Each structure stands twice: as structure tokens, then as C-alpha cells.
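Shown next, in C-alpha cells, is the structure this report addresses.
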Protein chains: 2
Amino acid sequence: MFNAATAQARPAGRPDDAENQRSSQRIADMLRLLGETLQPARRLVRAGDVIYRAGERFQNLYVLNSGFCKIVNLSADGREQVVGLKFRGDWLGFDGIASTQYGCDAIAMDTSDVWVIGYDALLQACLGRPALMTVLHEAMSREISRDRDSLMSVCTLPADARVADFLRYWADSLAKRGLRCDQITLRMTRAEIGNYLGMTLETVSRALSRLARDKVIGFAEKGRRDVHIPDVGALSAFVQRCLAPAALAVH
Amino acid sequence: MFNAATAQARPAGRPDDAENQRSSQRIADMLRLLGETLQPARRLVRAGDVIYRAGERFQNLYVLNSGFCKIVNLSADGREQVVGLKFRGDWLGFDGIASTQYGCDAIAMDTSDVWVIGYDALLQACLGRPALMTVLHEAMSREISRDRDSLMSVCTLPADARVADFLRYWADSLAKRGLRCDQITLRMTRAEIGNYLGMTLETVSRALSRLARDKVIGFAEKGRRDVHIPDVGALSAFVQRCLAPAALAVH
DNA sequence: CGGGCGTTTGAATCAAATCAATTGGAGTGG
DNA sequence: CCACTCCAATTGATTTGATTCAAACGCCCG
């Protein structure tokens, strides 16, 4: 189930189409179930719009029906940290359940369709519809797994590998949603990527340049926002190369 | 609700006794509720024992009634990362819900009493006992918040501050469980602490030495496993000092 | 066309990792 | 009880990867 593991287990590191299709189906089923049983209010947001803010009273969970957003944690002393990225089918706001207020800001990074799920209504509905509870728990479970993968990446990978792993994660997220992942548009600045990965914007830029020089990624002719990924497996291979500096000529 | 925020908001950085007492009560209430409604099997484990392993089929959640353990993520390429520490009242195994198998190892770090909660039975019981569902969701929510705080710490703090923040987190965890927190016994080696914090064991050792030199912590006469923390607020202050290198003489 | 922001790239600096040596306790067995 | 071993921890010297500081470039938009 782990991204790296999945890529590794495959013969040639190519995406597991069957698995991705199942993911895509699961998300569609979940959205259909939520739509039918709860008729959630929809909120259309644009890049930069705030979905909720840290400190606001927790009442709703949110589900992204389309678009893309970031979760930003702000510490008491002013440090700001992007702690999560959310795509279609992801839930937002779980951190508010225990403390009765949100602990982070959720900011749209693109035009998005956000479904508003009243938490009390959801719990109520869960009682009559066990499938609802299942999707809720699975979503929380997945978030916990993903957060651990993030921590793992930040703690164990050097900067270049972290950037490569970030792109792999992004491509993987798109593939799991049935979207093409050979051409991705990063709707984040280098500074935001760096913040998310725990490094400076210059280091992100250098890492991307190195990835491009090694032909692991390509840039569109105009602008460096669009990244071309000919082979997702090559990103995983690049990560491995970063980790094994003294193990080259073996044949 | 965030640890750092809490400490900051206090007049003198001292622990918030009322809040801690509420936490302690909440945990006791939760354990009582679980014990009464589910009569979970108990498993006594000793330091080093495996509670579950990554890859095993998910069937149970676990709740620590006493003791202490670590959650270890193992990547496909062999990197090993401590991604969480669990104390009395904490739940283990949430990451298995979505994928039907555990994604990490859970290893006891001390003699512990682990309650085994069959997941299906729990869901069943939730239907009749909404309070059960509440504690379950709160536990997952808290884990998500905590994971984000970890990521924040690793991404934004220099090594010394990260170690200080780690000790603050540990002391805070004890306080929230009604235990004394001025004298803590780290049941982890420097290497394990370093792994958790994303640094080498030498860096952990140096950071601890510096904290001791600055009188923020003290070591027991014999052995360096026991750490004396005269004032938890001083740890937060130390973190701030690390972040503000050029702001000393202001009066 | 010019201003402003985001990005790239280079050079210098710095924090942390690595390499290496020593110390200190805990445990074992004579 | 002491000698011996083993492993954790400390501390110093050196190297290295990433940050910082600085300059230039390119793209978008008014």
C-alpha cells in the first residue's frame, strides 16, 4: 500500500494500473455515497481562498470533489509549515474533531469544488449507513499513513531525493484519481514546495535542475511550472541512486 | 490545543494544570468505557516485544493501558524510521484500517499492558454506544494533529531546538497523563531519538550536553538515561532562543 | 515597455554528518 | 570482588550537503 513499496514491487517500476483503477473507483464510489446520503452543500473556491482557518470552531468536515489545496500549520511563534496536500476525494478538517477547533488553515491552490459535511449530521447518518462510517474511517486511516510517509521522507532522504519523491507522490496521487500523470502542473511556488519538504526554495530549484539534467523530468518550453515525467519509475530509481552513493558498477 | 501554543499562552510557561487534569480524566474515562463495554483481551508485553508488524493482516486496534511503545515505518528499500511514540491511553493500528494490513511495526519500549480491540466488534459496539465512536474519532483526530506537529518540528527547527522540543513533548505527554514530568526516564537510545528526530545520534548527544550546560535540563549522577527537567517552560524558551539568533540585548 | 515576482545559478558560509577515539556503566564469569 | 567484555554515550576533528547571500534572468500583466 505504500507508494515506494508499490513502485518497487513492480517489474519495471511502472504504475500499477489495476491498483490505480481501483483507487479511482473507490473515490468515485465514496463521492457518490456522500452525495446521495448527505446532499452536502457545495462551495466553489478559487486559488488562494480559505476553506477554514486554524482556531475556527469545528463543525464541518470537507471533501474535495475537484481541485487541490494545501493544509498549513501555524505555530505560536509564527513558523508556518505546509503539512499536507489534498486532491480530489480527500477529506479536510479531521484535526478539528478532538479539539473542537481546526488546528490548521486549509487553502485552495486551484479552482475547487468543496463539499461541506456537517460532522453531527455525518455521525447521525453513519448509524443508519455503516458504509458511511467505513469511508470515514478509511479516510482518516489513509491520512495517518500518508503523514507517516511524509515524516519518513523528510527524516531519511537527502534534498534531491526528497524532491524526486515529492514528484513521485504527486504523479501517484493523480494516477490514483484516474488522471494522466506524465504531465503535471505544480500549482505551488518553489518556496511552497520547499516549505513542505523542509528545505529552501533554492535547494528545490537546484534539485529540479539536476532532475532535468539527468532526464528524469522535463520542463515545458515555456515556464518551469509544468513538469513532464516520462517515467514515474525513474523518479523512484533516482531516489535509490541518492541513497546508494557507493554502489555503481555492479554487473 | 497545540503543545507549543499552550506553553506560550501561559504567563510563565508553566504547565497548565487544569488542562492536564482534564486530559488525564479523559483518558481514564475512555479506558473505563472501553473496559466496560468491550472487555478487551489484555496482552502483557515487555521492552522489545512486537505488538504487531507491518504487513500483518489488520484485525485489531490496540490501546495502551500502561507502558510505552514506538511505531516504526520500514520502507521498501530498507530505511527504518520511528514515526510515533505512544503512551497510556493512545491507540495503535489506525493505519491498518484502510489497507487491511498494518503499515508499521509497533514495538514495546517498556513493560506494557496492551488492550486488544477487535475492529469489527468495536464498530458493532459503536452503533449502540455513540460515546465509543466519539472516543475513537477523537483518538484518530489527535493522532493526525500530533503527526503534523512532528512534521512541523522536523521541518522548521534546528537540531538543538528539535531535541528540546522532543523533551518538552515527552514531559507534556506525561503531565497530560497525571504523571510527574520533572524527572523522565528516556527508554530510548540516542540512536532511536535521533532517528525519530531526523538526526544522528552524535547530534542528539551534543544537543543534550548543551541543554545540560545551559541548565535547561539536568542528568542524574549515574547514567544519562534519566533527565531532570526543572522547568518545562525553559525548554520552550530554549526553542525560541534557537529560532531568534540575532535578538538578544533588548531593554 | 517596464515593473514585479518567481526562478535560476554561483560563491561563501554554516550546521550537521561523518569519521574516529575515548569514556563510562551494566553485565558476566573467574 | 575484580577483571573483562560489550554497548551506549560523549567529545573532537574533519568533511559535506544545504543554507545564505547575491546577482541575473524570464515570464506575466498592466
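Keep in mind that this is a model prediction, so the values were computed, not measured. Quick note on labels: first sequence line is chain A, next is B, and so on, each numbered from 1.
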Point to revise | salt bridge (Lys or Arg N to Asp or Glu O under 4.0 Å) evaluation trace for A:Asp110 with A:Lys70 | key: CA-CA 10 Å; A:Asp110 194 6; A:Lys70 64 174 177 182; over 6 Å; no
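- Of all non-hydrogen atoms in B:Gly103 and B:Asp95, the two that sit nearest each other are N-OD2, 2.7 Å.
- Each of A:Arg162 and B:Arg190 lies near DNA chain D, and the nucleotide nearest B:Arg190 is the one positioned closer to the 5' end.
- Distance CZ (B:Arg224) to C1' (D:dC7): 14 Å, rounded to an integer number of Å.
- The side chain of A:Leu201 sits closest to C:dT7 out of C:dT7, C:dG10, D:dG12.
- Taking only side-chain atoms of A:Arg225, from C-beta outward, the nucleotide of C:dG10, C:dT7, C:dA16 with the closest atom is C:dT7.
- Rounded to whole Å, the distance from CG on B:Asp226 to P on D:dA8 is 17 Å.
- Using a 4.0 Å cut-off between charged nitrogen and carboxylate oxygen, B:Asp165 and B:Arg168 count as a salt-bridge pair.
- Counting distance only, with no hydrogens placed and no angle test, the side-chain atoms of B:Arg206 and the base atoms of C:dT18 include a donor-acceptor pair under 3.5 Å.
- Closest approach to the B:Thr189 side chain among D:dA9, C:dA11, D:dT10 is made by D:dA9 (side chain taken as heavy atoms from C-beta onward).
- Residue A:Thr200 places its side chain closer to D:dT20 than to any other of D:dC27, D:dT20, D:dA13.
- We find that CZ of B:Arg187 is positioned 16 Å from C1' of D:dA8, with the value rounded to whole Å.
- Of the candidate nucleotides D:dG26, D:dT11, D:dT19, D:dT19 has the atom nearest to the side chain of A:Met199.
- Look at CD on B:Glu202: it is 10 Å from P on C:dC19, rounded to the nearest Å.
- A:Leu208 comes within 4.0 angstrom of no nucleic acid atom, judged by non-hydrogen atoms across all strands.
- Look at CG on A:Leu197: it is 19 Å from P on D:dG17, rounded to the nearest Å.
- Whole-Å rounding puts the B:Leu157 CG to D:dT19 C1' distance at 16 Å.
- Distance, B:Phe219 CZ to C:dG25 C1': 15 Å, rounded to whole Å.
- Under the 6.0 Å distance and 45° angle rule, A:Arg210 does not count as a cation-pi partner of A:Phe238.
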For this session: List the steps and the verdict of side chain to side chain donor-acceptor pair (under 3.5 Å) for B:Ser150 and B:Arg146.
Result: CA-CA 6 Å; B:Ser150 277; B:Arg146 170 61 207 160; 3.1 Å; yes
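- Candidate nucleotides D:dC27, C:dA17, D:dT20 were compared by shortest atom distance to the side chain of B:Thr203, and C:dA17 ranks first.
- Counting to the nearest Å, the P atom of D:dT11 and the CZ atom of B:Arg210 are 10 Å from each other.
- In the set D:dT10, C:dT7, C:dT18, D:dT10 carries the atom at the smallest distance from any side-chain atom of B:Ser205.
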